[in-house]
Amino acid sequence: MADLASRISKPSDAPADDGAAPAPAAADGNGAEKPVDEGTNSGLVETSYDVEVKLSDLQADQDSPLYSVSSFEELGLPKPINDGLLAMNFKKPSKIQERALPLMISNPPTNMIAQSQSGTGKTAAFVLTVLSRVDLTKPTQPQALLLAPSRELARQIQGVIQTIGKFCENLIVEAAIPGSISRETGVKGSVVVGTPGTVMDLIRRRQFDVSQLKILVIDEADNMLDQQGMGDQCVRVKGLLPRTVQILLFSATFPDKVMNFARKYAPNANEIKLRHQELTVKGISQMYMDCPDESQKYDILCKLYGLMTIGSSVIFVKTRESATEIQRRMEADGHKVSALHGAHEGQNRDALLDDFRSGRSKVLITTNVLARGIDVSSVSMVINYDIPMKGFGDKEPDMETYLHRIGRTGRFGRVGVSISFVYDRKSFEALSQIANYYDIDLVQLSPDDWDMTEKKVQEVIKSSRARPDYAPNPLGN
Ligand SMILES: Nc1ncnc2c1ncn2[C@@H]1O[C@H](COP(=O)(O)OP(=O)(O)OP(=O)(O)O)[C@@H](O)[C@H]1O
């Protein structure tokens with residue numbers, strides 16, 4: 001407890017936007033108050049003034065992971081790819097894009113292990129490399145394979161490739177996730193994005209010809225290569241590919257243990273690494289809620305509901321059962337929430353996430369299945385209802401999962417809030433270790449001072465509006 005105590009700011013010590021994105025440039029509107037969401041019982045109110053943070057300001061700040069000096073044109077990518085970037089309104093590369101792309105697109109192809117904070121544009125970095133390698137005169141010959149840990153992330157990456165590649169004639173991008181590839185035709189695209197199990201099945205059944213693959217990308221690579229998880233499958237997939245394949249491994253986190261394995265998996269790779277103290281995104285204000293005991297967590301969550309619906313929010317819980325149970329109770333209490341986890345059918349999961357992306361649903365309760373990679377820019381709050389733990393018997397805090405979960409907000413220079421619920425010595429100590437590891441000062445919220453809680457959280461959320469120089473994401477998020 002002492003550790004966490006040294007890491008926290010009491011409500012009166014620090015402004016709510018401590019550690020948030022650079023100072024807001026302007027406030028417009030008159031600050032008039034209006035009810036947040038009729039039909040909720042939170043009684044919270046929303047002030048209507050927006051605050052603008054210009055992306056161009058962030059990209060001029062040398063300390064920002066979005067900083068860069070060059071332009072996409074300088075990379076010399078083919079015109080259809082540059083046109084795709086223009087259509088996305090990507091004006092300048094982020095730091096990871098600027099550093100990694102020249103190394104990845106050069107010839108002869110070299111492997112890459114690349115790390116960069118959540119929401120800083122790793123996807124576009126590897127997607128541009130993939131597009132630069134594909135020969136569009138062979139549209140049905142698989143040439144690039146991208147692996148991701150969840151069907152949602154695979155679908156999202158497929159969408160990004162299709163969007164950036166929309167001017168690349170004959171580009172066919174297929175998703176290799178359960179139920180997506182017809183048994184009769186097999187894989188008939190030049191780019192394939194999938195989950196390892198399905199990809200493995202397709203290759204084994206000879207429905208996916210990998211003989212001409214030039215590039216293998218593994219997103220969330222530390223998770224994918226972990227021997228406790230999908231490591232074996234990724235090793236087997238690689239064993240079936242041509243030996244010359246270029247391997248790109250990307251993640252926001254690379255614990256040392258996995259890094260050693262990653263170096264064997266992608267030999268002689270260029271490496272872009274960060275220290276763990278550099279991993280948190282400034283725009284995310286990290287807070288914690290000091291709950292008196294476990295039974296009160298649910299009531300506190302319901303009290304926060306009004307704030308959660310100002311933008312969109314994700315609530316992370318430990319198990320599928322508790323996701324379903326919290327959804328049931330919140331709905332019974334008149335709140336509108338969705339729950340997405342691995343027990344749902346694939347297509348049901350797709351529909352739930354599509355609703356959340358489009359804003360039709362604003363509060364999503366989920367498990368670690370959506371902790372990584374999912375990019376929905378309107379998410380302004382993440383709640384760790386349960387602190388992420390790992391190891392047999394949940395003995396240690398899961399540092400990586402914490403970072404990925406809170407990274408669902410604060411995407412590409414936006415601001416957001418994360419609130420981690422603690423209620424006993426174990427959860428307190430786990431969060432304290434996380435705070436020490438990443439060198440973060442967590443702001444304490446108290447359920448006994450609801451006015452202060454509301455003020456601190458609202459101050460951040462209010463400033464999380466879309467930037468004026470950033471076009472809406474063509475994926476609709
Ligand atoms: N150069 C750019 N200019 C403007 N927006 C960008 C640029 N590159 C990426 N983005 C946007 O930034 C957001 C976050 O990017 P992305 O999803 O690739 O993050 P990430 O680094 O993969 O994060 P995570 O570690 O959470 O997977 C996306 O909405 C993307 O469209």
Side-chain angles (χ1 to χ4, degrees), residues 53-60 64-75 77 81-82 84-101 114-130 146 148-150 152-164 217-224 248-254 272 274 279-281 283-284 314 357 368 370-379 382 400-414 416 418 466-477:
V53 179
K54 281 199 157 75
L55 180 56
S56 48
D57 294 345
L58 290 173
Q59 291 206 290
S64 164
L66 308 183
Y67 171 78
S68 69
V69 282
S70 56
S71 66
F72 283 114
E73 290 76 46
E74 285 168 50
L75 292 167
L77 292 163
I81 302 181
N82 275 328
L85 286 168
L86 276 178
M88 302 269 289
N89 204 25
F90 284 9
K91 295 196 168 117
K92 287 179 86 188
S94 62
K95 202 176 260 180
I96 185 67
Q97 292 164 353
E98 181 184 53
R99 289 182 65 197
L101 271 161
Q115 183 180 23
S116 158
Q117 296 89 339
S118 56
T120 53
K122 293 185 285 296
T123 314
F126 59 70
V127 165
L128 290 170
T129 311
V130 163
L146 299 91
S150 65
E152 286 76 15
L153 188 51
R155 281 182 77 226
Q156 178 179 295
I157 295 169
Q158 178 192 28
V160 174
I161 306 173
Q162 285 165 333
T163 310
I164 301 185
V217 179
I218 305 201
D219 196 13
E220 309 302 340
D222 58 325
N223 181 228
M224 300 281 283
L248 312 180
L249 305 180
F250 273 81
S251 184
T253 49
F254 273 105
I272 298 176
L274 296 171
L279 284 181
T280 49
V281 173
I284 308 173
V314 186
R357 268 190 206 288
N368 283 343
L370 289 193
R372 285 173 174 256
I374 298 302
D375 179 51
V376 180
S377 55
S378 55
V379 173
V382 169
E400 288 75 36
T401 300
Y402 174 86
L403 201 93
H404 289 277
R405 281 182 177 185
I406 67 164
R408 294 319 97 213
T409 187
R411 312 287 296 164
F412 214 84
R414 290 178 177 78
S418 72
R467 292 173 304 254
D469 56 352
Y470 180 67
N473 192 309
L475 292 172
N477 63 9

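In what follows, residues are counted from 1 in the order of the sequence shown. Both ligands and their constituent atoms are indexed starting at 1 by order of listing.
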Set of residues satisfying salt bridge (charged side-chain N to carboxylate O under 4.0 Å, His left out) with respect to R372, sequence neighbours excluded
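If we apply the salt bridge (charged side-chain N to carboxylate O under 4.0 Å, His left out) test to R372, skipping adjacent residues, the hits are E220, D222.
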What are the atoms of ligand 1, with element, lying closer than 4.0 Å to any heavy atom of [X]?
| X | result |
| --- | --- |
| T120 | 19 (O), 20 (P), 21 (O) |
| Q117 | 21 (O) |
| R408 | 26 (O) |
| E220 | 27 (O) |
| F72 | 1 (N) |
| R411 | 14 (C), 16 (P), 17 (O), 19 (O), 20 (P), 23 (O), 24 (P), 26 (O) |
| S118 | 23 (O), 24 (P), 25 (O), 26 (O) |

Under 3.5 Å, N or O to N or O, is [X] touching ligand 1 that way?
| X | answer |
| --- | --- |
| F90 | no |
| K122 | yes |
| Q97 | yes |
| N89 | no |

Looking only at atom types and distance, does a side-chain atom of [X] sit under 3.5 Å from a main-chain N or O of [Y], one as donor and one as acceptor?
| X | Y | value |
| --- | --- | --- |
| K122 | Q117 | yes |
| Q115 | S251 | no |
| S94 | T120 | yes |
| E152 | L370 | no |
| Q97 | A124 | no |

Can you tell which of R408, Q156, R357, R411 makes a side chain to side chain donor-acceptor pair (under 3.5 Å) with D375?
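Answer to the side chain to side chain donor-acceptor pair (under 3.5 Å) test with D375 among R408, Q156, R357, R411: R411.
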Looking at side-chain heavy atoms only, is the closest gap between L85 and L128 below 4.5 Å?
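Heavy-atom side-chain distance check passes, below 4.5 Å.
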Can you tell which part of [X] has a heavy atom less than 4.0 Å from ligand 1: side chain, backbone, both or neither?
| X | value |
| --- | --- |
| F126 | neither |
| T123 | both |
| K92 | backbone |

Salt bridge (charged side-chain N to carboxylate O under 4.0 Å, His left out): which pairs involve residues 154-163, sequence neighbours left out?
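Pairs touching residues 154-163 that pass the test: R155-D350, R155-D354.
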From CD1 (I164) to CG (N82), nearest 0.5 Å:
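Result: 11.0 Å between the selected atoms.
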Can you tell which of S116, G119, A371 gets a heavy atom nearest to atom 23 (O) of ligand 1?
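Minimum heavy-atom distance to atom 23 (O) of ligand 1 goes to G119.
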Does ligand 1 have an atom under 4.0 Å from some heavy atom of R372?
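Contact absent.
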